[in-house]
Amino acid sequence: MRPDPQTQALLDHMAAAGAPPLCELPVAAARAALQELSRAMDMARSDVGKTEDRDIPGPNGAVPIRIYWPAAKSTGAAPPILLLFHGGGYALGGIDTHDNMARYYCTHAGVVVINVDYRRSPENKFPAGIEDCYAVLQWAAAHGGEIGANPARIAVTGDSAGGTFSAALCQAVKTRNGPPIAFQALVYPALDLSVGASYPSRSALGGGEYFLSLKDIAWISEMYFTDQAREGSNPLASPMLTADLRGLPPALVITAGLDPMLDEGRVYHERLVAAGVTSEYRCFDGTIHGFLSFAGALDAGREGLALVADRVGKAQRG
């Protein structure tokens, strides 16, 4: 498979810029580089009704969130809630890198979006980030009515690391007895960070020519875990390793055809279907990991955002 023309142009632009791979930069510099790349490649800003930054109680201090309300006033029931967990390898992304993604979903799905600034590695190791996400889910279920939303209709989404958190959270609420999640949209998620995890797409596509490399994945894991041999097999880190997927929320799983993470997203979708979970799968052939964040340069990115917004909106009002 070859990159589509727009993706090839983006890869050529990245190569011409001469910047080192993120995994070769200090963490602060890598965060700044991802912020700049996201800003440069993002699409036009989506307007929403209003936003508000808040701090809510978390397991180890406050968790910052940004809440987005749709501009259009609903004449019926309160709008559903969408929790957005940003990508960036558990270490690099943040509320601002995914601000426009949150705005897009708010506007086009007609939902109240909560953009979560969970604790990042390497300052905060596993499972700090996922536990912050669970705390936000609890808060949304308890206080959604206070922000004019429907706390009984909560969906989750995230890209890359945020997709991992979304999948893991849907599993965790089964064992923690809620709060219930109505829908999950997993966008090129990393679903198996166990030591020795092997998928054909990782070896075939992980050389670095398609943005994300095996070196990046190893660097991310080194920052994220204290002991990957032990923690990487925890389903909170590797949702793929959960044996029983029955009873999980309906899902949309999106992958990229040139992503080392391609196979695990596809396999997870197949396992969801085998377990009786309603799941839709869409692979965007010819493009790369992170393509939704490059929607200003890639038609595939805009199509992916539209697909998530459409399915979230329909599922939350179905």
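Residue numbers run from 1 in the order of the sequence given.
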For [X] and [Y], work out which heavy atoms get closest and say how close.
X      : Y      : answer
Gln184 : Ala167 : OE1-CA, 3.9 Å
Pro235 : Ala168 : O-CB, 4.1 Å
Gly158 : Ser166 : N-OG, 3.4 Å
Pro64  : Asp55  : CA-OD1, 3.4 Å
Ser238 : Ser194 : OG-N, 3.4 Å
Phe211 : His289 : CD2-O, 3.3 Å

Distance in Å, [X] [atom1] paired with [Y] [atom2], rounded so as to fall on 0.5 Å steps:
X      : Y      : atom1 : atom2 : result
Leu191 : Arg266 : CG    : CZ    : 12.0 Å
Asp299 : Glu303 : CG    : CD    : 6.0 Å
Cys106 : Leu84  : SG    : CG    : 11.5 Å
Thr164 : Tyr188 : OG1   : OH    : 12.0 Å
Phe183 : Leu248 : CZ    : CG    : 13.0 Å
Thr97  : Met101 : OG1   : CE    : 8.0 Å

Donor-acceptor pair, [X] side chain versus [Y] backbone, under 3.5 Å?
X      : Y      : value
Ser160 : Gly87  : no
Gln6   : Leu298 : no
Asn124 : Arg120 : yes
Arg282 : Leu307 : no
Arg311 : Ala185 : no
Ser203 : Pro200 : yes
Asp117 : Gly94  : no
Arg66  : Asp53  : no
Gln316 : Ile81  : yes
Asp99  : Asp96  : no

Is there side-chain contact between [X] and [Y], with heavy atoms separated by less than 4.5 Å?
X      : Y      : result
Leu241 : Ser233 : yes
Arg54  : Ile147 : yes
Met1   : Leu258 : yes
Val112 : Pro80  : no
Asp192 : Tyr268 : no
Asp159 : Leu292 : no
Leu169 : Tyr134 : yes
Pro127 : Phe225 : no

Answer yes if [X] and [Y] sit in the same cluster of Ile, Leu, Val, Met, Phe, Trp and Tyr residues linked by side chain heavy atoms under 4.5 Å apart, and no otherwise.
X      : Y      : answer
Tyr281 : Tyr199 : yes
Leu137 : Ile65  : yes
Ile288 : Trp219 : no
Leu92  : Tyr224 : yes
Ile114 : Val308 : no

Test ring-ring contact (aromatic ring centres under 6.0 Å, His included), reference Tyr90, set Tyr118, Phe126, Phe165, output is Phe165

Do [X] and [Y] have side-chain N/O donor and acceptor atoms under 3.5 Å apart?
X      : Y      : result
Asp4   : Gln8   : no
Asn115 : Tyr68  : yes
Asp310 : His108 : no

Practice prompt. Decide side chain to side chain contact (heavy atoms under 4.5 Å, CB included) for Ile130 and Phe85; before the verdict, give the C-alpha distance in whole Å, the side-chain angles of both, and the deciding distance to 0.1 Å.
Written response: CA-CA 9 Å; Ile130 182 64; Phe85 308 125; over 6 Å; no

Tell me which donor-acceptor pairs under 3.5 Å the side chains of residues 33-47 have, and how far apart each pair is, sequence neighbours excluded?
residue	atom	partner	partner atom	Å
Glu36	OE1	Arg39	NH1	2.9
Ser38	OG	Leu34	O	2.9

How about [X]: does its [atom1] atom have over 12 heavy atoms from other parts shown lying under 6.0 Å from it?
X      : atom1 : result
Lys215 : NZ    : no
His13  : NE2   : no
Glu222 : CD    : no

If you apply the rule side chain to side chain contact (heavy atoms under 4.5 Å, CB included), what do you find for Ile254 with Phe291, and how did you get there? CA-CA 11 Å; Ile254 291 176; Phe291 71 92; 3.9 Å; yes

Could you walk me through whether Val267 and Arg271 pass the side chain to side chain contact (heavy atoms under 4.5 Å, CB included) test, one step at a time?
-> CA-CA 6 Å; Val267 170; Arg271 291 193 57 213; 4.3 Å; yes

Task: Verdict with supporting geometry, Ile217 and Met261, side chain to side chain contact (heavy atoms under 4.5 Å, CB included) - done: CA-CA 10 Å; Ile217 297 170; Met261 301 293 187; 3.6 Å; yes

Any salt bridge between [X] and [Y], counting N to O under 4.0 Å?
X      : Y      : result
Arg119 : Glu123 : no
Glu52  : Lys50  : no
Arg176 : Glu131 : yes

Given the rule in the side chain to side chain donor-acceptor pair (under 3.5 Å) test, do Asp259 and Tyr210 qualify, once you have shown the distances and angles that lead to the verdict?
CA-CA 7 Å; Asp259 184 358; Tyr210 301 122; over 6 Å; no

